[in-house]
Every structure is written in C-alpha cells, then in structure tokens.
Amino acid sequence: MAHELPYIAAIEEAIREEMERDPTVLYFGQNIATHENDPFLKQFGADRVRVTPISETAEIGMAVGAAFAGYRPVVELYMAEFMLVAMDQVVNEAPRFHYMSGGQVKVPIVLKAGYGFTAGWAGQHTGSIYGMFMGVPGLKVAVPSTADDAKGLMTAAIRDDNPVVYFHHYLLTLEHGDVTDGEHVVPLGQAAVRREGGDVTIVAIGWLVGKALAAAEELAAAGIEAEVIDPRTLAPLDTEKTGRLVVVDQSTRHGSAAAVIAAEVASEGFGSLKAPVKLVTALDATIPYSEPMEGYLLPDETKIAAAVREAVGAEAVSA
C-alpha cells in the first residue's frame with residue numbers, strides 16, 4: 001500500500017519512523033527545534049532533537065562524536081555548500097575512522113543536504129557538488145529522484161553503519177508521489193530502471209530523471225526507444241554496460257558524476273559500445289542570476305534529446 005506525499009515530507013516520514021523504531025537515532029541542525037512547537041522536538045524531546053550552533057564544523061563534529069558513542073545522528077544541513085566549511089569532518093574524519101581503527105569504530109551518520117536550487121539563486125546554493133564526494137573511501141552518496149526513493153534511501157542511510165551524504169534536490173521539494181506505507185528501505189547501491197528501451201540508455205541523476213523521461217517520450221515519437229536509468233546512489237555506484245549511453249547530470253562537466261559513470265562504462269565495457277558516450281551536463285561556469293543565462297548553462301529535455309540523436313545516429317532518427 002502507498003500514500004501520496006511531497007518529496008520533502010517523505011524524507012521527514014523516514015526520519016520520524018526511524019526515530020520511533022530506534023532510540024539511538026538523533027536529529028539536529030541549525031534550524032531544528034528552534035521553538036517549542038517543533039513537531040520532532042515535541043515527539044522525541046530535547047535529548048534527541050536539538051538546535052546547533054551556526055557552525056557546520058561544530059555540528060558535523062558533534063555527529064561524528066555521537067556516532068562514536070553509539071548513536072545514529074542525522075544532521076540537517078539545508079544547503080550542500082554548507083558542508084564545504086567542514087570538509088575535514090566530512091572527508092577526513094567521518095569516512096576514515098572505521099578503517100583506521102581496524103573495524104572497531106563505526107560512524108553511522110547522515111548528512112542531509114539540499115542542492116541544485118536553480119531558481120534565481122545565482123552562484124551560491126545552486127551547485128550540484130555530489131561528484132566531489134564520490135571518490136572518498138568510506139563515504140556513501142545518495143541522490144533520490146522520487147518521493148518514494150526519498151523515504152527509502154533515507155531509511156537505508158540511517159541504518160547504514162557508514163557515513164552517508166544524502167542529497168535532496170530543492171526543485172523536487174514539493175513534487176508529490178506515491179510513498180510506500182510503513183517500513184520502506186531502498187538498498188544503497190541499487191539503480192532503478194525508470195523506462196525500458198532498446199536503442200540507447202540515458203542515465204540521469206536526481207531532478208534530471210524527470211527531464212530524461214520527458215526527452216525519452218519526445219524521442220519515442222521519432223522512433224527512438226530510450227531506456228532511462230536512475231542510479232539513486234553514486235557511492236556505491238550500480239554500473240550498467242550498454243551499447244549507446246547518454247549520461248545526464250546537473251553538475252559541471254569536469255566535476256560531475258557523469259564523467260565517472262562514463263569512465264566506468266568505457267573501462268569495463270568499451271567493447272560493447274556502439275557509439276561514444278555522450279555527456280549532458282551543466283557548463284563549467286558558476287550558475288548566473290539571470291534566468292535565460294541559467295537555462296543556457298543547465299541540461300534540459302532538448303539538450304538530452306539532441307545528445308541521444310547524436311548517439312544513435314541519423315539512420316535511427318529517420319527510421
């Protein structure tokens with residue numbers, strides 16, 4: 001059974017259900033529990049739900065320490081870029097201790113961070129910076145594209161014994177979808193096929209899954225059947241060999257998860273490729289304030305469809 005929820009409410013449902021199930025789950029952040037009517041504070045109390053200092057270094061450092069003590073903290077960071085001032089904690093501390101302690105220490109923390117707020121917010125808080133975390137050993141990266149996955153991946157992230165950076169796209173915040181009732185876990189490292197198709201594979205991340213599906217419908221009218229795959233997590237990454245591949249990512253081209261996915265496919269399945277891998281990404285530039293310039297920089301359905309047509313060649317288009 002399922003019920004309809006906005007994407008952001010599905011995330012909150014997962015956190016609430018895990019806090020009800022497991023008393024070691026904590027929830028804190030700079031804008032959490034700022035008043036006595038905060039629903040999480042009212043339900044779980046000040047010992048488990050707390051407002052933190054305006055310091056990402058402090059709140060993520062607190063989470064690492066709490067994890068050492070046997071807790072499972074979820075840190076509300078709001079903007080992904082806020083992690084940049086605490087990169088030592090995110091990259092050099094949380095993911096390292098399990099290995100460096102010979103497996104004696106676990107660091108089960110979730111860093112919940114919004115990204116991609118490309119709605120006139122200009123250069124800051126609009127980035128899609130998940131690519132820079134993909135290559136950090138011990139750190140997992142989740143990027144849900146649907147309300148149901150938003151719940152299932154958050155549940156999996158909280159239960160995981162490793163630190164997980166959980167990226168949620170701000171333009172999906174109020175997108176409604178069917179969400180599984182009760183306990184719902186989407187395994188980290190398991191991709192989803194959103195559309196079947198035999199001519200070309202489009203791998204799209206986060207918010208761009210919807211754009212890829214729209215482009216696939218447009219292409220179907222021209223006789224091109226595109227498969228659409230949603231990785232759902234970038235670390236671990238579920239790789240898929242394919243004859244023709246288009247990878248769609250809101251990150252800048254040379255800092256993108258798309259580049260890593262393309263490299264994996266070329267390395268492991270080059271002999272199966274029938275055409276060069278095509279990347280549809282943001283341009284290597286800071287997101288501008290101007291809406292037309294913002295649109296020029298970012299991927300969209302038209303750019304995705306054009307890349308697919310290049311990948312399949314003119315013969316398939318005219319078929």
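Just so you know, these numbers come straight off a predicted model, no measurement behind them.
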I'd like to know whether the aromatic ring centres of Y115 and H169 sit less than 6.0 Å apart in this structure.
yes

Polar side-chain atom of [X] near backbone of [Y] as donor-acceptor pair, under 3.5 Å:
{"X": "N162", "Y": "L139", "answer": "no"}
{"X": "D38", "Y": "A33", "answer": "yes"}
{"X": "R72", "Y": "R159", "answer": "yes"}
{"X": "R96", "Y": "S101", "answer": "no"}
{"X": "Y170", "Y": "Y78", "answer": "yes"}

If you look only at pairs with a residue in residues 253-264, which of them pass as a side-chain hydrogen bond (donor to acceptor under 3.5 Å, both in side chains), with sequence neighbours excluded?
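For residues 253-264, and leaving out neighbouring residues, the side-chain hydrogen bond (donor to acceptor under 3.5 Å, both in side chains) pairs sorted by first residue read H254-D284.
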
If you count every heavy atom of other residues, nucleotides or ligands that lies below 6.0 Å from [X] atom [atom1], does the total exceed 12?
{"X": "F68", "atom1": "CZ", "answer": "yes"}
{"X": "F97", "atom1": "CZ", "answer": "yes"}
{"X": "E20", "atom1": "CD", "answer": "yes"}
{"X": "K303", "atom1": "NZ", "answer": "yes"}

To the nearest 0.5 angstrom, please state how far the NZ atom of K211 sits from the CD1 atom of I205.
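With rounding to 0.5 Å, NZ (K211) is 16.0 Å from CD1 (I205).
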
What's the separation between atom CD in E59 and atom CG in L77, rounded to the nearest 0.5 Å?
5.0 Å

Would you please say whether a donor-acceptor pair under 3.5 Å links the side chains of T146 and D148?
no

Looking at side-chain heavy atoms only, is the closest gap between [X] and [Y] below 4.5 Å?
{"X": "E56", "Y": "Q30", "result": "yes"}
{"X": "D161", "Y": "H98", "result": "no"}
{"X": "K151", "Y": "L5", "result": "no"}

Going by the rule side chain to side chain donor-acceptor pair (under 3.5 Å), which residues pair with R21 if we only count those two or more places apart in sequence or in a different chain?
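Once residues adjacent in sequence are excluded, the partners of R21 under the side chain to side chain donor-acceptor pair (under 3.5 Å) criterion are E18.
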
With a 4.0 Å cut-off, would you call K112 and E12 a salt bridge?
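No, this pair does not count.
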
